[in-house]
Amino acid sequence: MKVLIIGSGVAGTCLAHRFLAKGIDFKIIDKGINQSTKVAGGIINPLVFRRMTLSWRAEEFMPVADAFYQELGKKFNTTFQYPLAIRRLFASEQEAGYWLKKQALPHYCDFMALQTEADVNFPIPQNTFGTGLVKGASHVDAASYYATQRNWFLEQVLLESEELDYANIDPVNATYKREVYDYIIFAEGKDGKANPWFGHLPLQQTKGEVLTIHAPSISQEESLNRKCFLLPIGNGLFKAGSNYEWDTDNVIPTETARALIEENIASVTNAPYEVVDHVAGVRPTVLDRRPLMGKHAEFPKLVIANGLGAKGYMMAPLLMQELTDYLAEGKPLHPESDIARFNK
Ligand SMILES: Cc1cc2nc3c(=O)[nH]c(=O)nc-3n(C[C@H](O)[C@H](O)[C@H](O)COP(=O)(O)OP(=O)(O)OC[C@H]3O[C@@H](n4cnc5c(N)ncnc54)[C@H](O)[C@@H]3O)c2cc1C
């Protein structure tokens, strides 16, 4: 099997590693402008705090993601993934109640620590409804992951830095510049909205911005979370974010977003800080919040691997394993990821 992958974000590179493991022949092309994988927080969090529910398929995604990033770290003689103690400052009585109700339930107890007196009385002025500690969360160093993967695939001559011109693809025979492939897989992130074969799918471009702040008096031991995350990244630095701006495809950092994130930082700390960096990116989100995976109905040699939304780092390792098994062994995709759901 010979495959062309378009895109070297977390989707394309996870897929490429799955192909390497299976001995599948592939080439990646990527235009070298990444606006999501590179700037992400990289947080792998199994919970959705609003209703205190488990994130979709979290129990399946989490162990596969841990194994993937840990093994990749060993292979590259570095660390990509770090354990992360996320402390949620409850936003309401109701949220605190959800935590108490769910913390000991099967499934939830793997990801929610039983609340202690110390959690209830966590000593900061912003603590009004108590706090809870998430278990099993982590974060991937997004910039390092992206740069290391891109450079390595370039060195292996498995990645070419170029922009795909759709006009060079024959969708029936899956040829690109006269080279014949069994499949051409589009892992284009937010740029997939312009794809001539998959552009009809409900992919959205959702801008988000992230500040890096220097706040040496805040503990680096935990990631405080309410309205925003404060992700400790060492040397007194934290990433802080993020916001959601729908249907926006530009990566220009704005004063409005900065003001909003700074307002949200005040909901977790009063500590002084200095903003040292401010970046923006665009998430490839989907209306029904599920990934976009599978073959084109009319041109089955064209395949999509997109729609990873706000949780690409958590989902990509398992989703790309599933896509590999689907293409190589004919195993079915998860029905909620499969783009066949839009054929009805
Ligand atoms: C501000 C922000 C914060 C985030 N925080 C988190 C987080 O904490 N945790 C988490 O799990 N996720 C987070 N995400 C989401 C995560 O970043 C995405 O889910 C993920 O990066 C999507 O990866 P991707 O490979 O699908 O797309 P991308 O990373 O966008 O990669 C697509 C690649 O395809 C290439 N490409 C596209 N079209 C072409 C073409 N025609 N020719 C050649 N190359 C092409 C692009 O150059 C790009 O490199 C965040 C995202 C943002 C923006």
Side-chain angles (χ1 to χ4, degrees), residues 4-16 27-46 55 58 61-62 65 69 81 84 86 137-143 145-147 149-150 153 159-169 176 184-196 198-199 203 205-212 223 225 228-229 231 233 239-245 248-251 253 257 261 278-286 289 291-293 304-317 319-320:
L4 180 66
I5 302 172
I6 318 298
S8 68
V10 70
T13 50
C14 277
L15 188 61
K27 181 168 111 177
I28 309 174
I29 61 173
D30 185 281
K31 61 187 173 192
I33 304 166
N34 189 281
Q35 299 177 325
S36 193
T37 295
K38 193 171 142 186
V39 297
I43 296 171
I44 298 182
N45 174 9
S55 184
F61 288 133
M62 296 286 286
Y69 296 114
Q81 185 196 31
L84 185 67
I86 300 177
S138 62
H139 106 269
V140 174
D141 182 338
Y145 174 86
Y146 174 73
Q149 296 312 307
R150 184 177 160 80
F153 282 113
L159 190 155
E160 278 177 32
S161 205
E162 68 176 63
E163 177 154 9
L164 170 88
D165 181 351
Y166 294 117
N168 287 327
I169 288 183
Y176 176 64
I184 298 178
I185 304 182
F186 296 96
E188 302 167 287
K190 54 99 179 165
D191 295 330
K193 210 169 155 55
N195 186 298
F198 292 105
L203 185 72
Q205 297 168 322
T206 306
K207 185 177 177 183
E209 304 192 28
V210 178
L211 304 182
T212 303
S223 172
N225 183 300
C228 72
F229 61 79
L231 172 69
I233 53 171
K239 283 190 178 183
S242 181
N243 65 322
Y244 288 79
E245 198 182 325
T248 308
D249 179 26
N250 74 66
V251 288
I261 296 170
H278 179 185
V279 293
V282 182
R283 309 168 184 91
T285 58
V286 184
R289 293 164 187 256
L292 299 171
M293 317 275 295
I304 186 167
N306 207 331
L308 269 53
K311 297 212 165 185
Y313 278 92
M314 179 170 90
M315 300 196 302
L319 289 178
M320 297 311 145

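We count ligands from 1, going down the list as the structure has it; atoms in each ligand are counted the same way. Keep in mind that the numbers below use all heavy atoms, side chains included, and drop hydrogens, waters and symmetry copies.
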note = For Asn34, the atoms of ligand 1 under 4.0 Å from one of its heavy atoms are 28 (P), 29 (O), 31 (O), 48 (C), 49 (O)

ask   = Looking at Ala40, which atoms of ligand 1 are within less than 4.0 Å of one of its heavy atoms?
value = 3 (C), 4 (C), 5 (N), 6 (C), 13 (C), 14 (N), 17 (O), 50 (C)

message = When you measure from the heavy atoms of Gly309 to every atom of ligand 1, does any distance fall below 4.0 Å?
response = yes

task = Could you pull out, from Asp30, Val39, Leu231, Val140, the option with a heavy atom nearest to atom 49 (O) of ligand 1?
result = Asp30

request  = Number the atoms of ligand 1 from 1 as they appear, then name those within less than 4.0 Å of a heavy atom of Val210, with their elements.
outcome  = 1 (C)

query = Is the closest heavy atom of Glu162 to ligand 1 under 4.0 Å?
reply = yes

Ligand 1 atoms in contact with Leu164 (distance to a heavy atom under 4.0 Å) = 40 (C), 41 (N), 42 (N), 43 (C)

Electrostatic pair Asp249:Lys193 at N-O distance under 4.0 angstrom = no

key: Under 4.0 Å to a heavy atom of Ser242 - the qualifying atoms of ligand 1, by number   = 1 (C)

note = One finds that the ligand 1 atoms under 4.0 Å from a non-hydrogen atom of Gly281 are 53 (C)

message = Counting only nitrogen or oxygen atoms and a 3.5 angstrom limit, does Ile6 reach ligand 1?
response = no

query = Can you list the ligand 1 atoms lying under 4.0 Å from a non-hydrogen atom of Glu163?
reply = 42 (N), 43 (C)

inquiry  = Need the ligand 1 atom indices (1-based, order shown) with element for anything under 4.0 Å from a heavy-atom of Gly312.
reply    = 10 (C), 11 (O), 12 (N), 19 (O)

query = Do the rings of Tyr313 and Tyr69 sit parallel, tilted or perpendicular, given the 30° and 60° boundaries?
reply = tilted

